[in-house]
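Below: one structure, written as structure tokens.
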Amino acid sequence: MINRNEKRKYRIVIVLLCLLAISVRLYKFGSVPGGMNQDGAMAAVDAKALAQYGTDRLGMRYPVHLTAWSFGQMSALMSYLMAPIIRLAGLSVTSARIPSLIISLVGLISVYCFSREALGEKISLAVLFLTAISPWHIIQSRWALDCNLFPHFLSVGMLFLLLGTKKKYCYYISMLFFGLSMYCYGISIYTVPLFLVFSAVYLISGKRAKASDILICSAIYLLISWPFLLCMIINFFGLETIKTPFFTIPFFPYTIRSGDILFFSENPFSQLLLNLRCTFTILFQKYNGAPCNEVRGFGTLYVLSLPFIPIGALKLLKHFRNNTGAALTWFMFLTGLFDGIITANVNINRINLIFYPLLIFAGMGLCEAISFFHILSPKAGKISGALIIAGFIASFSLFTFRYFTSYADEISTIFMEDFGQALVSVKETDSGKYCITPDAQYDGFWYVSEILTQFYHDTDAKFYQSSDFSSKYEFRNPDPNTVPDEDTVYVITEEYLNLFDDTDFTISQFGNFYTAICNKPLPAEA
């Protein structure tokens with residue numbers, strides 16, 4: 001424990017770290033990363049429809065799981081969290097990202113509180129420091145991806161599960177967050193129950209909970225999560241959609257995601273090897289190849305954290321039997337490993353539940369390393385501590401510089417900022433039709449162009465569901481054999497510029513995209 005003379009300094013450092021965490025997540029929020037990821041745009045468009053009509057953009061009443069692209073599903077909780085914000089502030093990049101920011105900061109505070117309750121003030125300070133500057137935590141808090149909510153809800157659930165060893169009602173509160181986590185990400189179907197089984201066995205065997213407590217917790221968890229669980233059952237067995245007065249449990253006829261799980265893979269052995277390689281690439285802080293989740297060269301927790309993670313993990317394993325927090329951290333880590341092993345092509349967001357345990361391991365390991373040098377000599381302890389902290393601060397400084405400069409340019413291209421600017425520029429154009437390139441992301445990915453158009457044009461869900469939308473918006477490239485329509489606004493790529501005479505059309509460039517608007521007056525109606 002920290003003595004009384006250190007309490008004031010400790011509290012000051014906590015406040016400073018929290019301010020640092022908030023500042024780096026708020027700086028240029030909404031503009032970096034530039035543009036809008038298609039999944040975030042879809043969640044926001046569905047959220048707007050939920051706020052206005054109580055349906056998703058396709059007209060389904062309060063779905064417990066979202067249709068997404070029809071050939072792929074999407075978790076619903078992000079859209080439900082966005083809905084009241086979009087209702088109040090309107091549809092925008094910033095309003096769509098606010099839930100990610102808030103929930104990420106809640107996750108940061110919860111992992112600090114968990115570490116303090118389980119491991120003491122000094123270690124929790126190290127965990128807060130590492131989380132506040134973590135590239136993974138910063139990046140995921142600044143854009144809107146549904147599955148990025150998952151680790152934070154689990155973190156809060158873990159905190160209340162730990163507090164339940166002292167106050168029984170906290171066990172029951174924890175189930176609220178574990179139940180809601182099921183609506184954050186589809187992998188929850190095989191990760192959350194596994195973690196809860198591990199925890200239940202541990203708590204009962206250690207006489208930290210009674211069988212009756214576990215039964216009550218199970219009932220609360222199932223009360224919250226059963227619509228999602230039933231949705232997964234319906235889609236696995238191909239059953240019919242269930243409609244209730246309050247929500248819809250949908251069957252998705254054109255998609256099934258079981259192929260993402262190792263057990264249902266066509267080539268399980270090859271898939272296992274690939275999964276292991278991807279998982280250990282992430283654990284060893286190597287670049288995973290997904291720029292939206294990682295800045296090349298920095299890893300998720302910095303390369304500097306690598307020696308501290310195993311030290312902390314072994315230290316917590318030593319206290320596994322008598323420290324509930326140590327056990328819960330290990331259970332979450334093992335669940336994350338299991339997730340990485342059985343989830344196809346696992347990347348950073350698919351294995352995101354593993355990062356809070358890794359941060360706790362790293363914080364513990366950092367303190368252990370400093371303590372080791374302190375035992376050799378108090379002076380050596382101070383010097384080693386200063387050098388380690390300076391190393392992390394230097395890594396953080398380099399990361400933030402890169403994130404807000406060259407990486408910001410890179411990610412804005414990936415998030416198609418220039419396409420969004422082109423769409424915004426023609427939003428208020430008085431035209432009968434829009435002809436919009438289907439190649440915004442990749443050649444022929446018209447559905448990405450469509451969802452981004454709905455987002456940037458603030459499309460009303462009722463309008464989208466009608467034939468009027470398809471009459472007004474066409475997602476195709478201009479026909480080279482046809483004269484461009486004077487009543488149509490075009491959003492095109494460079495290869496189609498030669499079809500437009502700049503004496504008849506005003507051409508504007510937005511990065512890799514162009515708009516073409518006829519500048520001749522339309523004939524007056526008779």
Side-chain angles (χ1 to χ4, degrees), residues 33 35-51 55-58 60 62-86 91 93-107 136-137 139-157 177-192 224-225 227-229 231-232 235 247-250 252 255 257 260 290 292-293 339 343 345-353 355 414-415 447-448 451-452 454-455:
M36 193 69 178
N37 170 265
Q38 65 271 16
D39 288 344
M42 186 186 307
V45 170
D46 279 331
K48 180 175 181 285
L50 287 166
T55 71
D56 66 4
R57 72 187 193 286
L58 301 171
M60 185 183 297
Y62 293 118
V64 302
H65 207 57
L66 297 174
T67 305
W69 308 106
S70 293
F71 56 80
Q73 305 155 26
M74 190 166 74
S75 301
L77 187 55
M78 177 66 86
S79 291
Y80 284 100
L81 293 176
M82 286 180 181
I85 298 170
I86 290 173
L91 182 64
V93 173
T94 300
S95 63
R97 291 176 176 172
I98 287 175
S100 293
L101 173 66
I102 294 173
I103 299 300
S104 294
L105 290 172
V106 170
W136 162 72
H137 202 280
I139 290 171
Q140 59 81 40
S141 70
R142 296 178 59 93
W143 63 294
L145 185 65
D146 57 316
C147 64
N148 282 337
L149 296 175
F150 189 49
H152 312 304
F153 275 82
L154 293 180
S155 177
V156 179
F177 293 95
F178 287 121
L180 288 174
S181 74
M182 304 298 287
Y183 300 91
C184 295
Y185 197 11
I187 67 165
S188 61
I189 192 71
Y190 53 83
T191 53
V192 176
I224 297 169
S225 64
F228 171 79
L229 296 172
C231 182
M232 296 299 103
N235 282 275
F247 52 81
T248 304
I249 306 175
F252 304 105
T255 175
R257 298 299 296 268
D260 289 346
C292 56
N293 290 318
D339 169 33
T343 304
N345 305 316
V346 69
N347 58 18
I348 288 171
N349 56 270
R350 287 192 169 196
I351 199 174
N352 55 22
L353 77 165
F355 293 117
I414 294 170
F415 281 3
Y447 40 85
V448 173
I451 198 66
L452 290 174
Q454 289 181 68
F455 177 80

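Residue indices begin at 1 and follow the sequence shown. Just so you know, these numbers use all the heavy atoms, side chains as well, and skip hydrogens, waters and symmetry mates. None of the values given here were measured: they were computed from a predicted structure.
In this structure, Leu180 and Leu149 have side chains that are not in contact, with every pair of non-hydrogen atoms separated by 4.5 Å or more. Within the 4.5 Å cutoff, the side chain of Met60 has no heavy atoms near those of the Thr55 side chain. Side-chain contact between Val192 and Leu154 is present, with heavy atoms from C-beta onward closer than 4.5 Å. For the pair Met42/Phe455, no side-chain contact is recorded, criterion being any heavy-atom separation below 4.5 Å from C-beta on. Residues Val106 and Phe153 are not in side-chain contact: their nearest non-hydrogen atoms beyond the backbone lie 4.5 Å or more apart. Here the side chains of Ser100 and Arg142 are not in contact, with every heavy-atom distance at 4.5 Å or above. Taking 4.5 Å as the limit, every side-chain heavy atom of Trp143 sits out of range of all side-chain heavy atoms of Val93.
Interatomic distance, OH of Tyr185 versus CZ of Phe150, reported as 9.0 Å (0.5 Å rounding). The CD1 atom of Ile139 sits 7.5 Å away from atom CD1 of Ile348, with the distance rounded to the nearest 0.5 Å. Of the inter-residue distances, the one linking Asn293 atom CG with Asn148 atom CG reads 6.5 Å to the nearest 0.5 angstrom. The distance from atom OG of Ser95 to atom NZ of Lys48, rounded to the nearest 0.5 Å, is 11.0 Å. Here CG of Leu353 is found 5.5 Å from CD1 of Ile187. Values are rounded to the nearest 0.5 Å. Rounded to the nearest 0.5 angstrom, Leu58 CG and Asp46 CG are separated by 6.5 Å.
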For this session: Given side chain to side chain contact (heavy atoms under 4.5 Å, CB included), test Ile103 with Leu81 step by step and report yes or no.
Result: CA-CA 10 Å; Ile103 299 300; Leu81 293 176; 4.2 Å; yes

For this session: Give the C-alpha distance, both sets of side-chain angles, the deciding distance and a yes or no for side chain to side chain contact (heavy atoms under 4.5 Å, CB included) between Arg57 and Ile451.
Result: CA-CA 10 Å; Arg57 72 187 193 286; Ile451 198 66; 3.7 Å; yes

Problem set entry | Residues Ile189, Phe228; criterion side chain to side chain contact (heavy atoms under 4.5 Å, CB included); working and verdict | CA-CA 9 Å; Ile189 192 71; Phe228 171 79; 4.1 Å; yes

For this session: Take Asp39 and Trp69 through the test side chain to side chain contact (heavy atoms under 4.5 Å, CB included) and record every step on the way to the result.
Result: CA-CA 9 Å; Asp39 288 344; Trp69 308 106; 3.6 Å; yes

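Residues passing the ring-ring contact (aromatic ring centres under 6.0 Å, His included) test with Phe178, sequence neighbours excluded: Phe195.
In this structure, His137 has its ring center at least 6.0 angstrom away from the ring center of Phe355.
Inspection of the Ser225 and Tyr183 side chains reveals no N or O donor paired with an N or O acceptor under 3.5 Å.
Nearest heavy atoms, Leu50 versus Pro63: CD2-CD, 4.2 Å. Scanning both residues, Ala144 and Arg97, for their nearest heavy atoms gives N-CG, 4.0 Å. Scanning all heavy atoms of the two residues, the minimum distance from Asp339 to Arg350 falls at OD2-O, 2.6 Å. Considering all non-hydrogen atoms of both residues, Phe252 and Leu66 come closest at CZ-O, 3.7 Å. Smallest separation of non-hydrogen atoms from His65 and Cys231: CB-SG, 3.8 Å. Shortest non-hydrogen contact noted between Ser104 and His152 is OG-NE2, 3.4 Å.
For Asn352 (side chain) and Cys147 (main-chain N/O), a donor-acceptor pair under 3.5 Å exists by modelled atom type. Under a 3.5 Å cut-off, the side chain of Asp56 and the backbone N or O of Ser79 do not form any donor-acceptor pair. For Ser75 (side chain) and Cys184 (main-chain N/O), a donor-acceptor pair under 3.5 Å exists by modelled atom type.
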